[in-house]
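Note that these values count all heavy atoms, side chains included, but never hydrogens, waters or copies made by symmetry. In what follows, chains carry the letters A, B, and so on, assigned in the order in which the sequence lines appear, proteins first and then strands, with residues in each chain numbered from 1.
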Number of protein chains: 2
Amino acid sequence: MAETITRSPRTRGLRTRPSAAEDRPPKRAEVSRQQILDVAASLFRARGYTETSLRDIGAQVGMKAGSLYYHFASKEELAADVLRIGVERVHEAVASAVAALGPGAPMKARIEAAISAHLETLLVESDYTSAHIRCFPYVPPSLKAQLSQARRDYEAIWRRLLDEAAAAKALAPGIDAEVARLAILGALNWSLEWFDPVRGRPEELIRTLVAAFTR
Amino acid sequence: MAETITRSPRTRGLRTRPSAAEDRPPKRAEVSRQQILDVAASLFRARGYTETSLRDIGAQVGMKAGSLYYHFASKEELAADVLRIGVERVHEAVASAVAALGPGAPMKARIEAAISAHLETLLVESDYTSAHIRCFPYVPPSLKAQLSQARRDYEAIWRRLLDEAAAAKALAPGIDAEVARLAILGALNWSLEWFDPVRGRPEELIRTLVAAFTR
DNA sequence: GTCTATAGCAAGATAGAC
DNA sequence: GTCTATCTTGCTATAGAC
């Protein structure tokens, strides 16, 4: 579950590994900043926003709580970065997965790719994304407002995908595109509450949702 | 969303209204206790467990925080009562709704009744149930342990229902009963995060889930 | 950049008056 | 039963040394 964001000027498309050799050797402050973000994402995911203190984060980074303020202006700003990265990452993962199928791919395959990418990012790839999903509802309103645009951007992918699917008669009969979107994402996001990475098999949920909602 | 539990010796089956005339005029302490539980359920639902202080609860009841300790030993015990009532209530609602169909009812109708009862209880009927769903993941481990049996009891209903459905070939093709259970309950529980009681129509989600998972 | 030290505040909880 | 008053603890955040 450990992950480090090595963000070069701009991370675009999918990069297979967070690669060791980036443009420039990162400055020390940047390393600390990334460590803090990584630890914060992990703790926000595991415990929640309010339940995670800056002392907790500092302790895992190997730093006193006060030192975090050299890198972030407040807990809220730290959380804003974590949660923003979380949406961006799942957004990129889903967009890339669907795009990788090429323009002529059947709707069922596109939906399966989107479901798979969302779930994989949420459960396995990114503590940032899971932190976003688990914490967003409990975060202060000012933070919600900051994130709303990025969230809408991500939602738009799904809306378009399912509208296309509905138009192509690729959804199971009697299923509305918008309600399907909410149901699918609900089933996926809620898996955070029950999925056991040891015994679990994300593929089963993917297969079941595809079987249920597409034809 | 306001609700008061008027629990006579035992609440069994479904009672249409929480009826004004109960067995005995309730004592004053009982009235306060119920008010506290109602307010706590409402705030836990709206804000979350950690985000709700005893001062908040007291203020809405018209009482100082310290006075709550006459009725409850701790915040955790208060939350334990709220969350336990929450599962019990959705358990009763689903069990009654399915039972009301009679023994010969088709599986599709039984599943629809269960989905409908769960969703109605969660979104409309009971702040206790929605408080449970929203707070459980963030509550202290000792509280989780206290609730685990009641949760398993409720889960068992769904497991049985979907196993029966699978045996009767009433599930859509390619769908496993256990995964369907997790997907359906995930989609339902997550609706707390997006459902708007003003413009919303729970029926659409019910219809979509039935269409997706049954045949 | 990170530390120590601490300000300032809000939380859960308790004691005793009424 | 509820209040006032307060204890203790833990939090976010700041100031200044190093």
Side-chain angles (χ1 to χ4, degrees), chain A residues 4 24-44 46-83 131 135 138-144 146, chain B residues 4 24-44 46-83 131 135 138-144 146:
Chain A
T4 302
R24 287 290 143 227
K27 292 167 188 152
R28 198 145 60 94
E30 287 307 314
V31 173
S32 289
R33 194 186 157 88
Q34 293 301 349
Q35 280 178 355
I36 294 166
L37 286 168
D38 283 358
V39 167
S42 159
L43 288 176
F44 286 158
R47 302 184 195 171
Y49 174 74
T50 320
E51 295 77 6
T52 301
S53 73
L54 295 178
R55 284 172 168 83
D56 294 334
I57 296 169
Q60 275 205 19
V61 178
M63 201 180 267
K64 294 296 175 182
S67 309
L68 299 173
Y69 285 85
Y70 177 82
H71 303 278
F72 299 93
S74 65
K75 182 184 182 183
E76 187 172 324
E77 199 200 69
L78 167 55
D81 277 5
V82 170
L83 269 57
C135 295
Y138 304 92
V139 119
S142 50
L143 218 174
K144 284 191 184 176
Q146 279 184 65
Chain B
T4 303
R24 288 289 141 228
K27 293 170 186 146
R28 198 144 60 94
E30 288 306 313
V31 173
S32 291
R33 195 187 157 87
Q34 293 300 350
Q35 280 179 356
I36 294 166
L37 286 168
D38 283 357
V39 166
S42 159
L43 288 176
F44 286 158
R47 302 186 196 171
Y49 173 73
T50 320
E51 295 78 6
T52 301
S53 72
L54 294 178
R55 285 172 169 79
D56 293 334
I57 297 169
Q60 275 205 20
V61 179
M63 202 181 266
K64 295 296 175 182
S67 309
L68 298 174
Y69 285 86
Y70 177 80
H71 303 278
F72 299 93
S74 65
K75 183 185 183 183
E76 187 172 324
E77 198 200 71
L78 166 54
D81 277 5
V82 170
L83 269 56
C135 296
Y138 305 92
V139 118
S142 50
L143 217 174
K144 283 191 184 176
Q146 279 182 64

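Looking only at side-chain heavy atoms (C-beta outward), B:D38 and B:Q35 stay at 4.5 Å or farther from each other. When side chains are defined from C-beta on, A:D56 counts as touching A:R47, because their heavy atoms get closer than 4.5 Å.
You'll find that the side chain of B:Y69 is closest to C:dA13, out of C:dT2, D:dG1, C:dA13.
One can place CD of A:E77 at 12 Å from P of D:dT14, the figure rounded to the nearest angstrom. Atom NZ in A:K64 sits about 18 Å away from atom C1' in D:dA15, given to the nearest Å. Put simply, CD1 on B:I57 is 11 Å from P on C:dA11, counting in whole angstrom units. Rounded to whole angstrom, the span from the CG atom of B:L43 across to the P atom of C:dG12 amounts to 12 Å. Across the protein-nucleic acid pair, A:D56 atom CG and D:dC11 atom P stand 6 Å apart, rounded to whole Å. Here C:dC3 presents its C1' atom at 11 Å from CE of A:M63, a figure rounded to the nearest Å. Nucleotide D:dG10 holds its P atom 14 Å from the CZ atom of A:R47, rounded to whole Å. Whole-Å rounding puts the A:Q34 CD to C:dG1 P distance at 14 Å.
OP1 and OP2 of D:dT2 both lie 4.0 Å or more from every side-chain N or O belonging to B:Y70. Phosphate proximity of D:dT12 to A:K75: present, with a side-chain N or O under 4.0 Å from OP1 or OP2. The side chain of A:S67 places an N or O atom within less than 4.0 Å of a non-bridging phosphate oxygen (OP1 or OP2) of C:dC3. A sub-4.0 Å separation between OP1 or OP2 of C:dG12 and a side-chain N or O of B:S74 is absent. At least one side-chain nitrogen or oxygen of B:S53 sits closer than 4.0 Å to the OP1 or OP2 atom of C:dA11.
Using a 4.0 Å heavy-atom criterion, one finds that A:T52 contacts the sugar-phosphate atoms exclusively.
Sequence order on DNA chain D of the closest nucleotides to B:I36 and A:E51 puts B:I36 first from the 5' end.
Summarising the local packing, NZ of A:K64 is surrounded by 12 or fewer heavy atoms from other residues, nucleotides or ligands at distances under 6.0 Å.
Between the side chain of B:R55 and the base of C:dG12, a donor-acceptor pair under 3.5 Å is found.
The distance from the CG atom of B:D81 to the NE2 atom of B:H71 is 13.0 Å, given to the nearest 0.5 Å.
Judged by the 6.0 Å distance and 45° axis criteria, A:K75 is positioned over the aromatic ring of A:Y49.
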